[in-house]
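Take a look at the structure below.
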Amino acid sequence: MLDLKFIRAEPDAVRAAAAKKRIPCDVDRILELDVEVRARGQRFDELRAEQKATGKAMGKASPQERERIIAQQTELKAELKVLEDEVAALKAELQGHLDRVPNIPADDVPDGVDDSDNVEIKRVGEPTSFAFEPRDHVTLAEGQGWLDTIAGARIAGSRNYILKGDLSLLEGAVMRFALEHMVERGFTPLSVPTLVRTEVMYGTGYFPGGEDQAYRCDERDDLCLVGTAEVPVTALHAEEILPLDQLPRRYVALSSCYRREAGAAGRDTRGLYRVHQFQKVEQVVIDIADAQRSIEHHQAILQNAEAVMIALGLPYRVVNVCGGDLGQPQVQKFDIETWMPSREGYGETHSASRFHDFQARRLMLRYRDGEGKVHFCHTLNNTVAASTRMLIALLENCQLADGRIAVPEPLRPYLRGRAVLGQPL
RNA sequence: GGAGAGGUGGCAGAGUGGCCGAAUGCGCCUGAUUGCUAAUCAGGUGAGUCGUAAAUACGCGGCUCCGAGGGUUCAAAUCCCUCCCUCUCCGCCA
């Protein structure tokens, strides 16, 4: 959410942002409603002041005066009720608009419509070359008896899967490696709820707009399954005013992630690329409202993830996500895309976002500066490792000619020292 | 899930219809005093919003907020209803 005062002062910046992000936004209506709400709000405040002042005289009034006052107050009350309802309706409409106003993208966010317009800014490693015909991750995993998508679908529907044996262990190894990698870098590990109140989905900017992508409980419980630990972790300090000396906060959390993938029917149906449930290690930074500091954090969390990829020897590139592919809340987003031989291309494995105070404003996540003034924090987050897409990259890039998998050195301690997994196929 | 007790400012804790945005204590800030520290004394110390103003500064003024939302009343922290949360006991259970 943007500051209404900012929208009032810089309506053209908001219009430009909406255009760049291809998100509809009726700035004129917002400004109209803003004027109306304030005008009627002022009138309401005046009447209310009158009501209170008169009411206070009541206690000391004589019986005759009381009758007169009550008559006067009854009239006021009716007028106030009408005004109050009007203001409430206007505010609700205004809030409905504000909930959908996009955050302002950074100047160096490229113009573009969709992910095909994202701009590559860095490439590390070369696409893996093989002296043999490489297998895709499904062929490898099924060949080794490590993957059962038929049973997954029978149990939980399409886009669900069962990892077995060493692939299940490899998943654990990657997650554990990623988690410890971040703990070493000073991030505080958290175990968090993945079933959260709907208001938390709203606070982090997933709602309104992302309802189709999230699983919700039925009306008995006002809860949703999160698509990422970003949601509960960013909301950890909601409604708080953090002391300056406790910032920045750096958190890392391993969690299950749930995605409905509505609208993706028919896309990436084979294998583990697009699934309803996976595990992910996520990093979140909360700090003061300073654009430059946020940029530094953004670079830092990007590097934290890149270090994982480099340690695992996986070829990847970094893209600067274009306006049309950016979500409503982000100021800027850098995706890491990892080489996936079966796709003969790079596939998104990480997403590093910075939000300025967009999430913090909704979450009422604030801090007190050196002068005692209260501000909304800045928030950022990035993937460290997402299980299924990481497994695709590992299986396909680290496969040997005989269908076994060479384990990157950093993962071996989590696999009892084994350097190779599987049997010759 | 059943029974009971509660949710008030950074914390503790008063307040059962108007004089309460809220006693008191602790903490914190400023000043006074004091070799230093401690102690003592005086004053101050929530968030938000609207207005005033050259100003997102200081100040001044209004309004909102006593878990959330509704209701009763001329008037609600206080009475009623619903929900959320915490604690105690019982039941169930990984």
Side-chain angles (χ1 to χ4, degrees), chain A residues 1-11 13 30-92 94-95 98 104 191 193-203 216-224 232 235-247 256 288-291 356-357 360-378:
Chain A
M1 191 161 68
L2 291 180
D3 187 353
L4 184 51
K5 286 179 188 163
F6 173 82
I7 300 173
R8 203 184 290 154
E10 305 279 352
I30 288 171
L31 296 176
E32 266 174 39
L33 286 165
D34 174 42
V35 168
E36 275 295 297
V37 165
R38 280 188 295 154
R40 297 195 199 205
Q42 272 176 49
R43 178 72 186 136
F44 175 83
D45 284 358
E46 285 168 18
L47 290 181
R48 187 78 177 118
E50 190 184 332
Q51 184 189 40
K52 282 169 74 168
T54 315
K56 279 192 182 169
M58 202 49 192
K60 308 151 199 161
S62 66
Q64 298 94 315
E65 276 179 327
R66 285 196 177 215
E67 251 177 75
R68 191 181 54 74
I69 293 173
I70 288 174
Q72 186 188 339
Q73 292 288 70
T74 308
E75 213 173 296
L76 251 186
K77 187 187 176 183
E79 204 174 336
L80 271 168
K81 178 69 180 155
V82 170
L83 253 182
E84 191 177 16
D85 290 348
E86 281 175 2
V87 171
L90 287 167
K91 276 189 174 168
L94 178 58
Q95 193 60 49
L98 288 177
I104 311 292
S191 299
T194 49
L195 195 51
V196 304
R197 293 178 191 276
T198 301
E199 66 193 49
V200 174
M201 298 297 284
Y202 168 82
R216 321 181 69 147
C217 287
D218 64 31
E219 60 286 342
R220 289 176 300 173
D221 300 290
D222 181 31
L223 297 169
C224 302
L236 175 61
H237 298 292
E239 321 254 308
E240 287 185 40
I241 299 176
L242 297 168
L244 188 60
D245 61 10
Q246 286 181 23
L247 294 172
S256 291
I288 60 169
D290 181 293
H356 284 172
D357 61 8
R361 175 169 282 109
R362 290 192 182 199
L363 290 165
M364 291 297 280
L365 165 53
R366 296 168 293 174
Y367 70 99
R368 198 178 298 278
D369 70 15
E371 274 139 31
K373 293 190 61 179
V374 174
H375 307 274
F376 292 109
C377 293
H378 278 194

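What you see is a predicted model; the values in this text were computed from it and never measured.
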Revision key, fill the gap. Checking N1-N3 plus N6-O4 or O6-N4 for Watson-Crick, or N1-O2 and O6-N3 for wobble, each under 3.5 Å, the partner of B/G35 is none
Review point. When you match A/D34 and A/I241 each to their closest nucleotide on RNA chain B, which lands nearer the 5' end?
Key: A/I241
**Study point:** Mate of B/U72 where both pairing distances stay under 3.5 Å, Watson-Crick or G-U
**Key:** none
Practice item. State whether A/R38 places a side-chain N or O below 4.0 Å from either non-bridging phosphate oxygen (OP1 or OP2) of B/U49. Key: no
Point to revise | Pairs meeting criterion salt bridge (Lys or Arg N to Asp or Glu O under 4.0 Å) with involvement of residues 41-51 of chain A, two or more places apart | key: A/R43-A/E46, A/R43-A/E79
Check your understanding: How long is the line joining CZ of A/R40 and C1' of B/C63, in whole Å?
Key -> 18 Å
Check your understanding: When the distance from NE2 of A/H375 to P of B/A57 is rounded to whole Å, what number comes out?
Key -> 11 Å
Review point. So, is A/Q42 near the phosphate of B/C50, with a side-chain N or O under 4.0 Å from OP1 or OP2?
Key: no
Review point. Counting N and O atoms only, with roles assigned by atom type, does the side chain of A/Q73 sit under 3.5 Å from a partner on the main chain of A/Q51, one being a donor and the other an acceptor?
Key: yes
Exercise for review: Could you tell me which nucleotide pairs with B/A14 by Watson-Crick or G-U wobble geometry, both distances under 3.5 Å, or answer none if nothing does?
Suggested key: none
**Study point:** Residues forming a salt bridge (Lys or Arg N to Asp or Glu O under 4.0 Å) with A/D3, sequence neighbours excluded
**Key:** A/R361
Review point. So, does A/D369 use its side chain to make a donor-acceptor pair with the main chain of A/G372 at under 3.5 Å?
Key: yes
Study note, to complete from the structure: A/L94 atom CG is separated from B/U49 atom C1', nearest whole Å, by 13 Å
Check your understanding: Should B/A5 form a Watson-Crick or G-U wobble pair with both distances under 3.5 Å, which nucleotide is its partner?
Key -> B/U86
**Study point:** Atom-pair distance (CG on A/L4; P on B/G48), nearest Å
**Key:** 16 Å
Point to revise | Those residues that, when tested against A/D85, pass salt bridge (Lys or Arg N to Asp or Glu O under 4.0 Å) (two or more places apart) | key: A/K81
Review point. Taking a pair as Watson-Crick or G-U wobble with both distances under 3.5 Å, which nucleotide is matched to B/G59?
Key: B/U52
Exercise for review: Output all residues satisfying side chain to side chain contact (heavy atoms under 4.5 Å, CB included) with A/T74, sequence neighbours left out; order by chain, then residue number.
Suggested key: A/I70
**Study point:** Base-contact (B) and sugar-phosphate-only (S) positions in nucleotides 64-84 of chain B, heavy-atom cut-off under 4.0 Å, - elsewhere
**Key:** S------S--BS--------S
Practice item. Using the C1' atom as the reference point in each nucleotide, state the distance between B/U78 and B/G7 in Å, no decimals. Key: 14 Å
**Study point:** Distance, rounded to the nearest Å, where A/L242 contributes CG and B/A47 contributes P
**Key:** 15 Å
Check your understanding: Which value, in whole Å, describes the distance between the P atoms of nucleotides B/C81 and B/C92?
Key -> 31 Å
Exercise for review: Not counting sequence neighbours, which residues clear salt bridge (Lys or Arg N to Asp or Glu O under 4.0 Å) with A/E32? List them please.
Suggested key: A/R29
Review point. Using the P atom in both, what is the distance from B/C83 to B/A3, to the nearest Å?
Key: 13 Å
Check your understanding: Between residues 362-372 of chain A and RNA chain B, which residues have a heavy-atom gap below 4.0 Å?
Key -> A/R366, A/R368
Point to revise | Upstream residue (5' side of RNA chain B) when A/T54 and A/E50 are each assigned their closest nucleotide | key: A/T54
Review point. Checking A/Y367 side chain against A/A289 main chain: does a donor-acceptor pair fall under 3.5 Å?
Key: yes
Practice item. Take atom C1' in B/G35 and the same atom in B/C29, then report the distance between them in whole Å. Key: 25 Å
Practice item. Take atom P in B/A77 and the same atom in B/C20, then report the distance between them in whole Å. Key: 12 Å
Point to revise | Under 3.5 Å on both distances, the Watson-Crick or G-U partner of B/G91 | key: none
Check your understanding: Whole-Å distance between B/C11 C1' and A/E240 CD?
Key -> 15 Å
Revision key, fill the gap. A/K5 NZ to B/U56 P, in whole Å, measures 8 Å
Point to revise | Distance below 4.0 Å between A/R8 side-chain N/O and B/C50 OP1 or OP2 | key: yes
**Study point:** Pairing partner of B/U78 (Watson-Crick or G-U wobble, both distances under 3.5 Å)
**Key:** none
Revision key, fill the gap. Mate of B/C28 across any strand shown (Watson-Crick or G-U wobble, both atom pairs under 3.5 Å) is B/G44
Practice item. Find out whether A/H378 and A/D290 are in side-chain contact, i.e. whether some heavy atom of one side chain is under 4.5 Å from a heavy atom of the other. Key: no
Practice item. Using the P atom as the reference point in each nucleotide, state the distance between B/G6 and B/A94 in Å, no decimals. Key: 34 Å
Point to revise | Whole-Å C1' distance, B/C85 and B/G67 | key: 7 Å
Exercise for review: Between B/U86 and B/G70, how far apart are the P atoms? Round to whole Å, please.
Suggested key: 23 Å
Exercise for review: Measure the shortest side-chain to side-chain distance between A/L31 and A/P11 over non-hydrogen atoms and say whether it is less than 4.5 angstrom.
Suggested key: yes
Exercise for review: State which residues pass side chain to side chain contact (heavy atoms under 4.5 Å, CB included) with A/D221; sequence neighbours excluded, sorted by chain then number.
Suggested key: A/C217, A/L223
**Study point:** Partner residues of A/E86 under the salt bridge (Lys or Arg N to Asp or Glu O under 4.0 Å) criterion, sequence neighbours left out
**Key:** A/R40
